[in-house]
Amino acid sequence: MEEAVEKVIIVEGKSDKKKVQEVINESVEIICTNGTIGLSKLDELIDMLYDKEVFVLFDADDSGDKLRKQFKREFPEAKHIYIDRTYREVASAPENHVATVLLQANIQVHSKYLLQS
């Protein structure tokens with residue numbers, strides 16, 4: 001049997017990480033950039049993640065957009081997950097919205113977050 005590819009979600013901050021951890025229902029590594037990431041740190045990250053399925057989930061604001069552009073340029077293999085711009089931040093988006101966008105990226109989430117209206 002083929003071993004499943006490990007999934008990694010890259011987020012901006014600790015509060016984003018906490019929100020995602022609360023919603024997901026599978027073993028996924030969550031890495032924080034702490035808002036910014038230098039080129040050498042990004043290169044290290046790319047080397048570390050080359051054989052994993054990588055998702056990028058950043059805030060829908062200027063710093064999140066800037067970070068997302070950097071990842072698209074330096075790490076084009078990463079899949080991008082977007083929250084609705086009305087919520088601006090991953091941490092302040094409702095759990096059911098975060099669950100929905102993660103589920104669309106084939107990341108398992110706790111079903112209780114999908115039942116909220």
Side-chain angles (χ1 to χ4, degrees):
M1 192 165 116
E2 207 175 294
E3 193 172 318
V5 176
E6 286 182 63
K7 292 180 182 176
V8 176
I9 301 173
I10 302 172
V11 296
E12 285 182 78
K14 287 187 172 87
S15 54
D16 300 336
K17 180 176 180 173
K18 190 175 177 214
K19 173 75 70 160
V20 172
Q21 280 176 323
E22 187 180 323
V23 170
I24 60 173
N25 190 21
E26 69 175 288
S27 180
V28 176
E29 183 180 356
I30 303 171
I31 298 173
C32 294
T33 66
N34 297 316
T36 59
I37 190 163
L39 207 51
S40 62
K41 182 72 177 155
L42 183 56
D43 284 342
E44 271 178 46
L45 199 58
I46 292 168
D47 289 343
M48 189 177 87
L49 302 174
Y50 81 97
D51 61 343
K52 298 180 182 355
E53 189 174 7
V54 179
F55 298 89
V56 175
L57 176 60
F58 296 142
D59 293 345
D61 59 13
D62 289 343
S63 64
D65 291 344
K66 187 176 176 186
L67 210 47
R68 194 179 290 282
K69 280 182 188 156
Q70 185 180 9
F71 269 82
K72 281 184 176 177
R73 187 174 53 247
E74 302 296 332
F75 197 179
E77 301 84 10
K79 296 176 178 87
H80 291 260
I81 302 171
Y82 296 85
I83 61 161
D84 192 294
R85 281 211 169 279
T86 55
Y87 301 122
R88 293 189 55 81
E89 298 175 347
V90 173
S92 60
E95 285 86 357
N96 64 327
H97 178 67
V98 174
T100 301
V101 297
L102 290 171
L103 190 63
Q104 289 169 346
N106 291 321
I107 296 169
Q108 294 173 25
V109 298
H110 291 287
S111 58
K112 68 179 180 181
Y113 295 116
L114 300 174
L115 304 174
Q116 296 175 353
S117 55

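Of the possible donor and acceptor atoms, none in the side chain of E22 sits under 3.5 Å from a partner among the backbone N and O of E95. At least one donor-acceptor pair under 3.5 Å links the side chain of E26 to the backbone N or O of Q108. The backbone N or O of D61 lies less than 3.5 Å from no partner atom in the side chain of R88, so there is not a single donor-acceptor pair. Not a single donor-acceptor pair under 3.5 Å links the side chain of H80 to the backbone N or O of F55. A side-chain donor-acceptor contact under 3.5 Å links D16 to the backbone of G13. At distances below 3.5 Å, not a single donor-acceptor pair connects side-chain atoms of T100 with backbone N or O atoms of L114.
To the nearest 0.5 Å, the span separating NZ on K41 from CD on E44 amounts to 5.0 Å. Distance check, rounded to the nearest 0.5 Å: CD of E74 to CD1 of I46 gives 6.0 Å. Atoms NZ and CZ, from K72 and R68 in turn, are 6.5 Å apart once rounded to the nearest 0.5 Å. Once rounded to the nearest 0.5 Å, the distance linking CD1 of I31 with CE of M48 reads 4.0 Å.
Among all heavy-atom pairs drawn from H97 and D84, the shortest one is NE2-N, 2.9 Å. Scanning all heavy atoms of the two residues, the minimum distance from I107 to K7 falls at CA-NZ, 4.1 Å. Of all the heavy atoms in R85 and A60, the pair that sits closest is NH1-O, 2.8 Å. Smallest separation of non-hydrogen atoms from V8 and K52: CG2-CD, 3.5 Å. Nearest approach of K19 to V98, heavy atoms of both residues: CG-CG2, 4.0 Å.
L102 is listed as a side-chain neighbour of L57, based on a closest heavy-atom distance under 4.5 Å. Inter-residue side-chain proximity for E12 and V90 is flagged as unmet; no heavy-atom pair is nearer than 4.5 Å. Taking the side chain as every heavy atom from C-beta outward, V54 and E77 never approach each other to under 4.5 Å. Within the 4.5 Å cutoff, the side chain of F71 has heavy atoms near those of the L42 side chain. Using a 4.5 Å cut-off on side-chain heavy atoms (C-beta onward), L49 and I10 make contact. A heavy-atom distance below 4.5 Å is found between the side chains of I24 and I30.
No continuous path of hydrophobic side-chain contacts links V11 to I37 [ILVMFWY only; heavy atoms under 4.5 Å]. Both V20 and Y113 belong to a single network of hydrophobic side chains, linked directly or stepwise wherever heavy atoms of I, L, V, M, F, W or Y lie under 4.5 Å apart. Under the 4.5 Å side-chain heavy-atom criterion for grouping Ile, Leu, Val, Met, Phe, Trp and Tyr, F58 is not connected to I9 through any hydrophobic cluster. Both I81 and V23 belong to a single network of hydrophobic side chains, linked directly or stepwise wherever heavy atoms of I, L, V, M, F, W or Y lie under 4.5 Å apart.
Within 6.0 Å of atom CG in D47, more than 12 heavy atoms from other residues, nucleotides or ligands are found, so the atom counts as buried in its surroundings.
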